[in-house]
Chemist: 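Before we start, here is the structure in question, set down as structure tokens.
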Amino acid sequence: MPRTTATLTPSPVPRGADRDRRRATAGVVLRSVLEHGPVARSTIARLTGLSPASVTDYCARFTRLGLVREAEPPRPKGVGRPHVPLDLDDSRFVVGGLHVAVPYTTVALLDLRGRVVRQRELRHEHTDPRWVLPRAAKALAGMLAERRDARPLGVGVAAGGWVDRDSGVVVEHGLLDWRDVPVREVLEAHTGLPVHVDGHARALVNGERLFGRARGSGSVLHLFAGNVVDAAFATHDEVHHGPRSQAGAIAHLPVPGGSEPCACGRTGCLQAELSERTLCRRARAAGVTDGHNPRHVLAAADAGDPVAAALLLERSRATGRAAGLLADVLNPETVVVTEIGAMHRTDCLAALREAVGTERAAHVFPTSFPDSVLAVAGGSVVLDVLYRDPLGASPEAN
């Protein structure tokens, strides 16, 4: 790992409530540049309700840190000096994004706009974390060596199951057979960078809020249906975690009429019914594929296989019913679903929306990142830290 890096380290600011307030305000200003840039400082002041002097001060700090830059001013239309707009400087820094799935780990680099600039999948020969995590750290080091023009700010890690954000521990992931794995501790030791860890459904809510379709939405529900099935809910830019980050654990909700056996000993649990493992098993039984990769089912459907298309449609409908039940409880403005059929086929998206319900259908969207969703999940964990507290997470060279 290169020794000259940029890290998310505390910046000198006042203590106590005033410090917290200033950090939060700094985040509002930086997010305004992300969302509206190139944007004049006067426009940021109007959008945020802050004084022009405060906006100028924060933007000067961001410029010194290399987070923003001055853009070309617009062509003058009258007398007077035009305002020089600011834009995000997405050329200086990158973040690492890791997503640990059941069959493979995704390792990626993202820029400050959440765009994936490098991505690699590492297939799992086995899922022992003592092998998975160091291997991912090594792959990340190789990617950083290829991008010497950009300095790393930190690493975000997303995974399914029960992930405790505060401790950086995967408390329980049944499909990986992980229990109390200190992911943050292990990866910080291997990378020398700050590491932040969260569940993938919550991570993707932050990705949608910062870079996707849910930007500006007052409340967002995200349902993730992969091998793991879980959910997350955010309101006013705050993702609900609950005690020890257990919120969103919906794997064992009962599905009326469900017939799939679950590892918990019951039948018809939501994850057992919707899992990509179940989709692939049904596809094998129907002669669609002989493998365990849901992308092969998608490819068969795209090639005109009616059985594969029917399997994907039914899964999207079932996912839509689950999303509809959650939406009835939480009443979000926006519903985002990560599900392979709805992500890639218009007929599956239409079926999912119909199952959610006609009143909500216009506010139901597939993930904004269909070709890089797992990489964005990992990167969004650390980018959320930056955009919440850019002064406390100051990119300073070691």
Chemist: What do you reckon, is CG of D290 surrounded by more than 12 foreign heavy atoms closer than 6.0 Å?
Modeler: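 Counting other residues, nucleotides and ligands, CG of D290 stays at 12 neighbours or fewer.
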Chemist: Give a yes or no on whether E146 atom CD has more than 12 heavy-atom contacts from other residues, nucleotides or ligands under 6.0 Å away.
Modeler: yes
Chemist: Is the distance between the ring centroids of H200 and F224 under 6.0 Å?
Modeler: yes
Chemist: Would you say the ring centers of W131 and H126 fall short of 6.0 Å from each other?
Modeler: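 For W131 and H126, the ring centres are under 6.0 Å apart.
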Chemist: Are a donor atom and an acceptor atom from the side chains of S51 and S54 found within less than 3.5 Å of each other?
Modeler: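 Indeed, the side chains of S51 and S54 share at least one donor-acceptor pair under 3.5 Å.
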Chemist: Whether the T235 and H240 side chains hold a donor-acceptor pair (N or O, under 3.5 Å, no angle test) is what I'd like checked.
Modeler: no
Chemist: For E121, does the CD atom sit with more than 12 other heavy atoms under 6.0 Å from it, leaving out its own atoms?
Modeler: yes
Chemist: Compare every heavy atom of L383 with every heavy atom of D111, then report the nearest pair and how far apart it is.
Modeler: O-CD1, 3.8 Å
Chemist: Would you say that more than 12 heavy atoms from the other residues, nucleotides or ligands in this model lie under 6.0 Å from the CZ of R321, or not?
Modeler: yes
Chemist: Evaluate whether atom CD of E354 has more than 12 neighbouring non-hydrogen atoms of other residues, nucleotides or ligands under 6.0 angstrom away.
Modeler: no
Chemist: I need the D57 CG to F62 CZ distance, nearest 0.5 Å.
Modeler: 9.0 Å
Chemist: R113 vs D87, test: salt bridge (charged side-chain N to carboxylate O under 4.0 Å, His left out). Steps then yes/no.
Modeler: CA-CA 11 Å; R113 296 186 189 276; D87 203 358; 3.1 Å; yes
Chemist: Walk me through it: do R215 and E208 pass the test salt bridge (charged side-chain N to carboxylate O under 4.0 Å, His left out)?
Modeler: CA-CA 6 Å; R215 179 183 284 177; E208 295 286 347; over 6 Å; no
Chemist: Do other residues, nucleotides or ligands put more than 12 heavy atoms under 6.0 Å from R130 CZ?
Modeler: no
